[in-house]
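Residues: numbered from 1 along the sequence shown. Just so you know, ligand 1 is whichever comes first in the structure, and atom 1 is the first atom listed for that ligand. Model, not experiment: these values are computed from the prediction.
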Amino acid sequence: MKVGFMQFSPLFGRKEENVERVINSLRGAKADLLVLPELFSTGYLFLNEEELRRSAEPISDGLTVSKFLELAKKENTNLVFGIAERADNKLFNSSVLVTAKGECFVYRKLHLFDREKRLFSPGDKELEVFDIGEAKVGMMICFDWIFPEVARSLALKGADIICHPSNLILPHCQDAMVTRCLENRVFAITSNRTGTEKRRKEEFTFTGRSQIVDPKGRVLAQANAEEEKLCIIEIDPLLAKDKKVTPNNHIFEDRRTDFYLW
Ligand code: ACM
């Protein structure tokens, strides 16, 4: 199975350009699963809720989702990407999976990072796992990495691959994801963005280093901190079915849930 990420620096507020740029890069990519960064079509540093609301889109007929549904069908691929979602009167930081079969599934970021709490509603949907044929995939977004319960829940629900659209600012996630993969025996594709956004007095630089990690904690591929990169590699998703660390240790069955708080 061929999986990958696209790392780049979106232009703030220029949705059509960002979407077209990615579509042009992904045409002919010949991958089974590709992951894009968090909020890839809008950029990150919204000044206020009104500005975010103008950029956010409904899942049913928003520009990004519609174009990516078309692309996934045409290229016979599955795509995961972060968008600003408008649903009724609420705004969510969401990750969308569109499949080659024309299906569309949504995850809404559960753990909002810092200033995101002023802009978005926290996720209100269950963590789910979706069957794309060759593997089962789950989604989490950026700062969700610091809550090990998220990756654990997805793994317990059967995820082989965790798709992880990101706009990382802190330096720890790439290393932590090695542990998330090791402790759950899953693959993870962290698709991070690069570049700096400066708006009024705020400035964020994103850390790049998008990566693909396997169930043994090996980093199979990693971009550097600044480059634009479409990276596609071959993996065997069946490796994630083996939950044994030693012949006598099963990562799930050995858990002592009677001694934990959750
Ligand atoms: C983040 O969750 N975008 C840091």
Run the numbers for me: atoms of ligand 1, each under 4.0 Å from some heavy atom of [X], listed by number.
X      : answer
Tyr44  : 3 (N)
Glu38  : 1 (C), 3 (N)
Glu116 : 1 (C), 2 (O), 3 (N)
Lys109 : 1 (C), 2 (O), 3 (N)

Of the backbone atoms (N, CA, C, O) and the side-chain heavy atoms from C-beta on, which set of Phe143 has a member under 4.0 Å from an atom of ligand 1: side chain, backbone, both, or neither?
both

Between Asn224 and Arg209, is there a side-chain donor-acceptor contact under 3.5 Å, judged purely by atom types and distance?
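No donor-acceptor contact under 3.5 Å links the two side chains.
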
Has ligand 1 got any nitrogen or oxygen that is less than 3.5 angstrom from a nitrogen or oxygen of Cys142?
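It does not: no N or O of Cys142 is found under 3.5 Å from an N or O of ligand 1.
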
Would you be so kind as to tabulate the donor-acceptor pairs closer than 3.5 Å made by side chains of residues 172-179, with sequence neighbours excluded?
residue, atom, partner, partner atom, Å
Gln174, NE2, Thr207, OG1, 3.3
Gln174, NE2, Gly208, O, 2.9

Hey, can you pull the donor-acceptor pairs under 3.5 Å for the side chains in residues 126-138, sequence neighbours left out?
residue, atom, partner, partner atom, Å
Glu126, OE2, Lys157, NZ, 3.2
Asp131, OD1, Gly133, N, 2.9

Indicate, with yes or no, if the rings of Phe113 and Phe120 have centres closer together than 6.0 Å.
no

Taking side-chain contact (heavy atoms from CB on, under 4.5 Å) as the criterion, tell me which of Leu168, Ile169, Val35 meets it with Asn192.
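Among the candidates, only Leu168 passes.
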
